[in-house]
Amino acid sequence: MIEPRFVNIKTVETPGKGKLSFFEGIHDIPFEIKRVYYITGVPQNMERGAHAHHELDQLLICPNGEIEITLDNGQERADVILSSPDKGLLVEKMIWHDMKWLKKESILLVVASDYYDENDYIRSYDEFISICKMENKE
Ligand code: T46
C-alpha cells in the first residue's frame with residue numbers, strides 16, 4: 001500500500017471564536033506555492049479527479065466536511081479520509097488521484113506548486129500506467 005504523506009497544519013484556537021490554521025510554502029510544505037484553488041458545492045457521493053499530473057505537486061486539505069482521496073502510484077493504492085483543518089495530504093507528481101465527497105458542503109482546498117496547465121494532466125488511466133512502466137524501466 002502507498003504510505004500517504006501528511007502535513008500537520010498549525011492550528012490555533014481563538015477561544016469562543018473558532019480556529020485559525022496556517023502554513024507557508026517551503027517552510028511548512030515541500031514546495032513554493034504558485035496557485036490556490038478550492039472546490040465547493042459538490043453533491044454528496046460525487047467523485048472528481050481521475051487524473052495524475054506529470055510535474056505538479058499539491059497539498060489537499062478538507063477544512064470543512066469529509067472527503068475520501070484515493071491515491072494510486074501505478075502499483076499500489078491507498079484511501080485517505082480528509083476531514084480536518086489541521087491535516088493536509090501531499091499529492092505529488094505521477095500519483096493518480098480520485099476524490100469522493102462523503103458529506104455535502106465539504107470543501108476541498110488545494111495549494112499547488114505551479115500555475116494551471118492542462119498539458120500537465122494525464123486523464124487516461126492507460127496512459128498513466130504506460131508512463132509508470134516506462135519510468136520504472138529507466
Ligand atoms: C487536481 C484535483 C485535486 C482551471 O481553469 N484552473 C485551475 O486552476 C483548475 C484547478 C481547474 N481549472 C478548470 C479546468 C476544468 O475545465 O476547471 C475545470 C474543472 O477541473 P477538473 O475537472 O480538473 O477538476 P477536478 O476536481 O477533477 O480536479 C481538480 C484539479 O483540476 C486537479 O489538478 O489535482 O482537483
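Every number for a ligand or one of its atoms is a count from 1 in the order of the listing.
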As an exercise, identify every atom of ligand 1 less than 4.0 angstrom from a heavy atom of [X].
X      : answer
Met99  : 2 (C), 3 (C), 26 (O), 35 (O)
Ile39  : 26 (O), 35 (O)
Arg123 : 23 (O)

- Query: Got Leu82 and Ile61 here, is their nearest side-chain heavy-atom distance under 4.5 Å?
  - Reply: no

- Message: Counting C-beta onward and ignoring hydrogens, is there a side-chain heavy-atom pair between Ser106 and Val42 closer than 4.5 Å?
- Response: no

What is the closest protein heavy atom to [atom], and at what distance does it sit?
atom                    : result
atom 11 (C) of ligand 1 : Tyr116 CE1, 3.8 Å
atom 28 (O) of ligand 1 : His51 CE1, 3.2 Å
atom 33 (O) of ligand 1 : His53 NE2, 2.8 Å
atom 31 (O) of ligand 1 : Tyr121 OH, 2.6 Å
atom 8 (O) of ligand 1  : Arg35 NH1, 2.6 Å
atom 30 (C) of ligand 1 : Tyr37 OH, 3.2 Å
atom 24 (O) of ligand 1 : Arg48 NH2, 3.2 Å
atom 27 (O) of ligand 1 : Gly49 N, 2.9 Å

- Task: Mind checking side chain to side chain donor-acceptor pair (under 3.5 Å) for Asp120 and listing every partner two or more places apart, or none if nothing turns up?
- Result: His53

- Task: Could you check Asp57, Val7, Ile9 and say which one makes a side-chain contact (heavy atoms from CB on, under 4.5 Å) with Ile29?
- Result: Val7

- Message: Among all the protein's heavy atoms, is there at least one whose distance to atom 17 (O) of ligand 1 comes out below 4.0 Å?
- Response: no

- Query: Measuring to protein heavy atoms, does anything land under 4.0 Å from atom 1 (C) of ligand 1?
  - Reply: yes

- Part of Glu118 within contact of ligand 1 (heavy atoms, under 4.0 Å): neither

- Message: At under 4.0 Å between heavy atoms, is it the side chain or the backbone of Leu56 that contacts ligand 1, or both, or neither?
- Response: neither

- Do we get Lys87 above Phe6's six-membered ring, with its NZ or CZ under 6.0 Å from the centre and within 45° of the axis? yes

- Query: Does even one non-hydrogen atom of Tyr115 get within less than 4.0 Å of ligand 1?
  - Reply: no

- For Tyr125 and Glu127, test the side chains for any donor-to-acceptor distance below 3.5 angstrom and give the result as yes or no. no

- Message: Any donor-acceptor pair under 3.5 Å linking the side-chain atoms of Asp86 with those of Ser84?
- Response: yes

- Item | salt bridge (Lys or Arg N to Asp or Glu O under 4.0 Å) involving Lys34 - partner list, sequence neighbours excluded | Asp114

- Message: Less than 4.0 angstrom from a charged side-chain N to a carboxylate O is my criterion; do Glu66 and Lys104 meet it?
- Response: no

- Looking only at heavy atoms, the pair that brings Phe31 and Leu90 closest together is CE2-CD2, 3.9 Å

